[in-house]
Amino acid sequence: EAERSYTGTLRSMATAFQPGQQRQAEGGPAPDLRAASTERRAERDVAAAAGTVERAAIQATDATRLLSGPKAQDTRTAIQAARRSMRVASQRPKREGAQPMTSTQAQAEFADALHRAGLRPRGAPVMDGQRHRVPVEGDKRGRMSGSYVGHLDGLPAGSIQNFKTGETVTWRASSAYQGMSPEDRTRERARIEADQAARASARRQGEAAASTRAQATWNTARPASASHPYLAAKGVEAHGLRVDRRGNLVVPMRDADGQLWGVQTIRADGGKLYAKGARRAGTFALLGEMQPGQPVIIMEGFATAATMREATGLPVAAAFDAGNLADVARALRVGDPARLIVLAGDNDHGLPRRDPPLPNVGDVKAHAAAAEVGGVVLLPSFPPGSSGTDWNDFSAQHGTAAVRTLAAAALAPHGVALPLAPTPQAARQGVQQADRDAARQRPQQRAQTPSQDSATEAQRRTQGMRPRGPRM
C-alpha cells in the first residue's frame, strides 16, 4: 500500500506543473524572458522533488520485500540458477565459439606473424611441417637469416626463427582449422605428403646442380694470396682460398665427408655472396686438417676462423653464420664422438644495448650449440662502446698472442695443450697444395681424343701459315 501511494505521488508531481506545455497546447502567447526563467526554475525544483520521492519509493519497496520475504517468482529464478551451476560441463548448453578458419586464413595469420618477426618470405608461407629458410629484414642479397615451420593439423601452429636478432617465436592460430570428413582428411594428407616429396626432390636436384657449378668455379679459380685486399685488411693468410676471374675470394662450403656443396664469394670490399640453391646447413670451410680425437674449433666467418687458426694451430671450421654453428657441431660430433668441440662464436654485445634491445645472437647460438654437443664456449670480450664483435677484431686490438693466451686458458681444464702456431709459410703451403690439386684436375677436364688433338694441331698450323697483312 505504501508503495502504491509513493508511486501515485511521483506520477502526480511529474505531470502537475507544466505551464509551458499547457500554454503551448492551448495556443496562448509565449512568455517573456522573466516568466520563462521563472518557469524553468520551477520545473527544476519539481524534478528535484520527484527524484527525492522516487528514492524514497525504492527504499520502501526494499523494506517491504525484506519484511514479507521473496516472491514466488524470485524463488523459482534462484532455484533454476542453482540447478544450472550444478550441471557438469558436458550437460551445459554449448555457446557459439570462434568459427573454424580455412587454410588461406591460417596462412594469412602466419604470414602476419612472420612479418612481425622480421622474416620476408616470397609469397604465401608453406605450412607443410617442413623447415623453410627465408630472408629477414636487412639481409643482403642471397642471405637467408630466417626460418619457419608451419602446421595446419587441428589448431594451426608454427615456429619462427630470426637468426639475425636471435628471436624465436611460437605461433598459434586464433581458431581451429576448418573440420574435414575422414575422406577429405585422407586426401589432404596425401596431397601434403606429395607436395613435400616434390619439394624435397626439387631441393635435392637444385643442391646437386649448385654443387656441380661450385665444383666448376672452384676448379677454374686460381690460388689466392695474402695480398688480396680483403685478406690484407683482415691481416690473415689465405689458407687455401682461391680467386675467381672477377677477383673475388672463393671459400669452399663442404660437409663433414668433404663433399663440395657450394662456394661463398667475398669481394675486395668485404661483400659476401652465396651460390644460389646451394646447401648451407652443416657445411663449413676447414682450415687445417682434423685428426682423430683432436679438438676442433667452430667459428662463424672466414676471417675470424683464420685468426684463431694462426693463433692456436688447431683445426678450425668456418660455419659462415651463427645459425649454422649447431649444424656443423652435430656433423663433427657424429664423425668423432670423443672429440672436444670448441664454439668460438662472435660477441654481438652491441645488440642488447639497442632500443629496443636485441639478444646477443653470437653468444646465444654458441651456448646452444655447445650445450647440444657437450662443447666449450670461447667468446671474445669488448668494452662498452667498442665496435668489435669477433676474434679478428679482438686480435686487431690486442694482438694474436692475446688470442692464443685466452684459448690456452679455456682449453687447459680439458687437458688440451696448444700446438705450435703455424707460420705464414705453412699457411702459404696450403695454397701451393690447392694449386697442385687444381693442376691435376685441369688436364682431366681438357683431355681430348686423338682425332680432336689432330684437328687442333692442323688448325694451329693453318693459322701459323696465314699470310701477313691486314685482315679483310
Side-chain angles (χ1 to χ4, degrees), residues 98-178 180 188-189 191-204 206-207 272-283 300 319-327 346 348 351-352 354-365 368-369:
Q99 295 295 326
M101 61 170 51
T102 64
S103 59
T104 303
Q105 293 171 335
Q107 286 180 317
E109 280 197 12
F110 193 40
D112 183 61
L114 294 174
H115 188 82
R116 291 197 302 270
L119 277 66
R120 298 295 181 265
R122 296 181 179 89
V126 181
M127 304 182 69
D128 58 355
Q130 302 295 319
R131 184 169 299 278
H132 300 273
R133 294 295 294 263
V134 295
V136 303
E137 183 70 25
D139 259 355
K140 296 181 180 179
R141 182 181 177 184
R143 297 296 298 270
M144 299 284 183
S145 302
S147 71
Y148 71 87
V149 178
H151 304 269
L152 276 177
D153 298 337
L155 181 64
S159 63
I160 306 170
Q161 285 185 299
N162 188 327
F163 299 117
K164 178 167 289 188
T165 63
E167 181 182 12
T168 300
V169 179
T170 300
W171 171 81
R172 292 182 182 275
S174 58
S175 61
Y177 184 53
Q178 190 173 13
M180 293 183 179
E188 182 66 15
R189 173 54 58 188
R191 184 190 66 80
I192 292 176
E193 291 177 353
D195 291 344
Q196 291 177 353
R199 279 191 292 270
S201 177
R203 182 177 64 253
R204 288 192 296 268
E207 290 176 350
K272 300 175 182 178
L273 193 65
Y274 294 94
K276 182 178 180 180
R279 179 186 300 184
R280 293 178 58 184
T283 62
E300 294 187 26
F320 302 105
D321 59 50
N324 199 30
L325 291 176
D327 292 327
D346 294 355
D348 302 309
L351 295 180
R354 291 185 180 181
D355 187 19
L358 299 174
N360 189 327
V361 181
D363 188 322
V364 172
K365 295 299 182 180

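Contact annotation: the side chain of Phe110 approaches that of Ile160 to within less than 4.5 Å [non-hydrogen atoms, C-beta and beyond]. Between Asp195 and Asp128, every side-chain heavy-atom pair lies at or beyond the 4.5 Å cut-off. Contact annotation: the side chain of Met144 never approaches that of His132 to less than 4.5 Å [non-hydrogen atoms, C-beta and beyond]. Side-chain contact check for Ser159 versus Tyr148: every heavy-atom pair is 4.5 Å or farther apart. Between Glu109 and Ser174, the closest side-chain pair of non-hydrogen atoms falls below 4.5 Å.
When all heavy atoms of Pro352 and Pro359 are compared, the closest pair comes out as CG-C, 4.5 Å. Between Val149 and His151, the shortest heavy-atom contact is CG1-NE2, 3.5 Å. Residues Asp327 and Gly282 approach most closely at CB-N, 3.5 Å, considering heavy atoms. Looking at every heavy atom in both residues, Ala113 comes nearest to Trp171 through CB-CD1, 3.6 Å. Between Asn324 and Ala319, the shortest heavy-atom contact is ND2-O, 3.1 Å. Contact detail for Leu114 and Pro121: the closest heavy-atom pair is CD1-CG, 4.0 Å.
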Checklist entry - Taking it one step at a time, do Gln107 and Met127 satisfy side chain to side chain contact (heavy atoms under 4.5 Å, CB included)? => result CA-CA 7 Å; Gln107 286 180 317; Met127 304 182 69; 3.8 Å; yes
Item to check | Pair Val134-Arg122, side chain to side chain contact (heavy atoms under 4.5 Å, CB included): steps then yes or no | outcome: CA-CA 8 Å; Val134 295; Arg122 296 181 179 89; over 6 Å; no
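A search for salt bridge (Lys or Arg N to Asp or Glu O under 4.0 Å) contacts involving Arg120 returns Glu137, not counting sequence neighbours. Residues that satisfy the side-chain contact (heavy atoms from CB on, under 4.5 Å) test with Leu351, not counting sequence neighbours, are Asp348, Arg354, Leu358, Val361.
In this structure, the side chain of Asn360 engages the main chain of Asp363 through a donor-acceptor pair within 3.5 Å.
For the residue pair Ser147/Arg131, the side-chain donor-acceptor check at 3.5 Å is satisfied.
Under a 4.0 Å N-O distance rule, the pair Asp321/Arg280 qualifies as a salt bridge.
In this structure, Tyr274 and Phe320 have perpendicular ring planes: the angle between them is above 60°, well past the 30° mark.
The list of salt bridge (Lys or Arg N to Asp or Glu O under 4.0 Å) pairs with a residue in residues 156-173, not counting sequence neighbours, reads Asp139-Lys164.
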